[in-house]
Amino acid sequence: MRLMPTFGRDRIRRFWNDVSAQKRLAARDYEAFLMTIMPAYEDLIPFENDSENIADLLFELANFHALAKLRMQTTITLDTLNAATKHLYDVMRRFDRETCSRYSTQELPDEAESRARRERKKARAREEQGGQEPPHAAAAGPKDVKFNVINTYKYHCLGDYAEYIERSGPTDNYTTQVV
């Protein structure tokens with residue numbers, strides 16, 4: 001993605017060398033990733049069916065994002081958002097069922113280090129409390145990670161998004177930040 005050209009001064013900025021290792025990303029960064037990721041993933045996956053599933057998923061995510069971000073919503077755009085949400089759910093389930101089962105994914109090195117630190121800290125706390133449980137060594141390497149977005153609260157809330165916009169108005173009219 002580093003080779004992706006910029007677009008305007010404030011729309012799509014140049015990407016870093018390793019997009020997956022970035023921390024403290026702003027919403028505009030995720031939006032830029034979503035806008036430019038389809039050409040970056042094109043023909044990257046060797047299996048045609050998986051490549052098609054990934055392209056469908058990326059398109060549906062970008063479509064949902066664009067519809068949800070509209071500054072003026074009408075009955076037609078909200079109906080379109082509801083339809084896009086149903087398509088997104090279908091594509092996400094197909095991705096989980098067909099594509100994810102073929103790949104073994106593991107934690108990133110930073111995630112493995114963080115997990116090992118947390119486990120060591122918990123083991124020390126148990127020792128200090130006089131626990132008789134023998135301290136077990138934290139796994140040194142990265143552990144396998146399963147695709148689990150479908151079992152999250154955020155995923156299930158996507159279906160309520162259009163109704164919420166209809167009740168409260170477009171999402172650019174307010175903020176959820178504590179002032």
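Just so you know, these numbers come straight off a predicted model, no measurement behind them.
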I need the Glu111 CD to Lys143 NZ distance, nearest 0.5 Å. 10.5 Å

Pairs meeting criterion ring-ring contact (aromatic ring centres under 6.0 Å, His included) with involvement of residues 98-119, two or more places apart: none

Mind jotting down which residue pairs meet the salt bridge (charged side-chain N to carboxylate O under 4.0 Å, His left out) criterion with at least one end in residues 100-109? Sequence neighbours excluded, please. Asp50-Arg102, Glu107-Arg115

When every non-hydrogen atom of Ala84 is compared with those of Asn63, the smallest separation belongs to CB-ND2, 3.8 Å

Nearest atoms (heavy-atom pairs only) where Thr152 meets Val149: OG1-O, 2.7 Å

Not counting sequence neighbours, which residues clear side-chain contact (heavy atoms from CB on, under 4.5 Å) with Thr105? List them please. Val145

Identify, with sequence neighbours excluded, every residue that meets ring pair (Phe, Tyr, Trp, His ring centres under 6.0 Å) alongside Phe147. Phe95

For the residue pair Ala112 and Pro142, what are the closest heavy atoms and their distance? CB-CA, 3.9 Å

Approximate separation, where rounding is to 0.5 Å, of Leu58 CG and Leu34 CG: 7.5 Å

Applying side-chain contact (heavy atoms from CB on, under 4.5 Å), name anything that partners Ser114, two or more places apart in sequence or on another chain. Arg117, Arg118

With Thr77, which of Thr74, Thr75, Asp79, Leu81 fulfils side chain to side chain contact (heavy atoms under 4.5 Å, CB included)? Thr74

Using residues 155-163 as the side-chain source, report each donor-acceptor pair under 3.5 Å to any protein atom, sequence neighbours left out, with the distance given to one decimal.
| unit_1 | atom_1 | unit_2 | atom_2 | d |
| --- | --- | --- | --- | --- |
| His156 | NE2 | Ile150 | O | 3.2 |

Output all residues satisfying side-chain contact (heavy atoms from CB on, under 4.5 Å) with Ser104, sequence neighbours left out; order by chain, then residue number. Asp144

Would you say CD of Glu166 has more than 12 non-hydrogen atoms from neighbouring residues, nucleotides or ligands within 6.0 angstrom? no

With the side chain counted from C-beta on, respond yes when Val91 and Asn53 share a heavy-atom pair under 4.5 Å apart, and no when they do not. no

Does any pair with a residue in residues 83-93 pass salt bridge (charged side-chain N to carboxylate O under 4.0 Å, His left out), and if so which ones, sequence neighbours excluded? Asp90-Arg93

Would you list the pairs meeting salt bridge (charged side-chain N to carboxylate O under 4.0 Å, His left out) in which at least one residue belongs to residues 55-64, sequence neighbours left out? Asp56-Arg94

If you round to the nearest 0.5 Å, how far is NZ of Lys122 from CD of Glu119? 7.5 Å

What's the spacing between Met92 CE and Cys100 SG if we round to 0.5 Å? 9.5 Å

